[in-house]
Student: 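Have a look at the structure that comes next, please.
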Amino acid sequence: MPIRSHSVPFASTPAIPEDDFNATMWRLQATRHGGLPTLRGSLHNAHWPDDGGQLTQLRHTPWEGATALFFDFRLQHDLHIRLEPQDELLLTFFLAGEVKGTIGASRGHLRSLDFQRGRALLRTPNHDGGYLIQVPGACRNAFVQFRLRRAQIPLWLRSLGVHMDVHQMERLMHLNNGTVLCNAALTARVRAALERIRSQKVEAPSFAPLFQAHSVELLTYVLLDLMELLRPARSSTKADGSAGLRKVRSCIDEAPARDWSVAELAAEAGCSEAQLQRSLRADTGQSVHQYLRNARLDLAARLLRETALPVRQVSEEAGWQCHGRFGAAFRERHGMAPLAFRRGSEIN
């Protein structure tokens, strides 16, 4: 079922920068007196309404490179927040409220974000103007969010025994255009972990330690089920999976060692070279050259694991004419030399 997108008319007044919003949230934590604090004061000329609001915010680090956040607040009027470009993946679960948003705020062409309660929203960093988020007033807004440092993701997945498709991993690691990678229905154990957070009373003294425990559980299940969550991935910015693009990917995957040119592949797809580059980057996060290079590295890794071919012959079979460049590319990708990779595969 397609996820509906919304175009959001933002107020003409300047949006609050996210850092200022978070800083004020943290200052308000010290004002708690038995109940939720009242929001008062100003944020760089963007004023909170005089009749205030209510807030609960929690933040902790379950794993190195991951930050877990919990927000639960009410405002009397709509609030607009500007999120600057950053390099973390944002994974958000909406518990209550009707948050809306757009991508590309600084360039004049806005693209809507897909928000859906009861689903997992994983979005890439956006270096095309950041995000504008509209938080509706006069209602409760609550959500759990993880900020995930991308360099750590392969380590977490490996430690959990999760083997991710190389193309999905490339998208996780390299996309930077605000693409919604998934707005997917939750798996049973992710839903159950989220429900354990939802069912706790925010005002109870036990909520903070329980959230810390439940957020570790939730993040673990998300990573274990990541391939399933990513499978129905969709995005308002993603190019259609045309037959031509599928044919190009098939050509490269079946013969990565061939000296493909962009012109040849564009002819296979029935489009211009520029269109092919745009479509492939939208679909995989990679240029034609990067996709071909990664396909060759995949072939080399397979030959090292499954054959006894000398390393130099492996590099030739995988399409490298320069053995030194092959070794450098392989070390960059796998963190070790081809021979060490083969020895490690034999041990395993």
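Everything numeric in this text was worked out from a predicted model, so none of it was measured. Sequential numbering from 1 along the given sequence is applied to the chain's residues.
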Student: Do Thr220 and Trp156 have side chains that approach each other closer than 4.5 Å (heavy atoms only, starting at C-beta)?
Tutor: no
Student: Can you confirm whether Val144 sits close enough to Leu69 that some side-chain heavy atom of one is under 4.5 Å from a side-chain heavy atom of the other?
Tutor: no
Student: When you check the gap from the basic side-chain N to the acidic O, do Asp298 and Arg293 get nearer than 4.0 Å?
Tutor: no
Student: Under the criterion side-chain hydrogen bond (donor to acceptor under 3.5 Å, both in side chains), which of Arg249, Arg281, Arg296 is the partner of Tyr291?
Tutor: Arg249
Student: Between Glu217 and Arg189, does the salt bridge (Lys or Arg N to Asp or Glu O under 4.0 Å) criterion hold? Intermediate values first, please.
Tutor: CA-CA 10 Å; Glu217 175 191 43; Arg189 55 186 175 184; over 6 Å; no
Student: Check whether any side-chain heavy atom of Arg150 lies under 4.5 Å from a side-chain heavy atom of Leu172, and answer yes or no.
Tutor: no
Student: Measure the shortest side-chain to side-chain distance between Leu95 and Leu194 over non-hydrogen atoms and say whether it is less than 4.5 angstrom.
Tutor: yes
Student: Quick test of your reading of the model: are Glu273 and Arg278 salt-bridged, counting only N-O distances below 4.0 Å?
Tutor: no
Student: Just verifying a value: how many Å separate Lys247 NZ and Leu265 CG, rounded to the nearest 0.5 Å?
Tutor: 11.0 Å
Student: Nearest 0.5 Å please: distance from the NE2 atom of His174 over to the CE atom of Met169.
Tutor: 10.0 Å
Student: Side chains of Cys251 and Arg258: does their closest heavy-atom pair fall under 4.5 Å?
Tutor: no
Student: Decide yes or no for Leu90 and Gln145: does some side-chain heavy atom of the first lie under 4.5 Å from some side-chain heavy atom of the second?
Tutor: yes
Student: Using side-chain contact (heavy atoms from CB on, under 4.5 Å), reason through Glu317 and Leu299 one step at a time and then give a plain yes or no.
Tutor: CA-CA 8 Å; Glu317 290 286 336; Leu299 173 59; 5.6 Å; no
Student: Ring-plane angle category for Phe94 and Phe143, please: parallel below 30°, perpendicular beyond 60°, tilted otherwise.
Tutor: tilted
Student: Measure the shortest side-chain to side-chain distance between Thr187 and Leu224 over non-hydrogen atoms and say whether it is less than 4.5 angstrom.
Tutor: no
Student: Go through the steps for Phe146 and Glu88 under the test side-chain contact (heavy atoms from CB on, under 4.5 Å), then give the verdict.
Tutor: CA-CA 9 Å; Phe146 293 102; Glu88 296 170 306; over 6 Å; no
Student: Take the angle between the ring planes of Phe211 and Phe207 and call it parallel below 30°, perpendicular above 60°, tilted in between.
Tutor: parallel
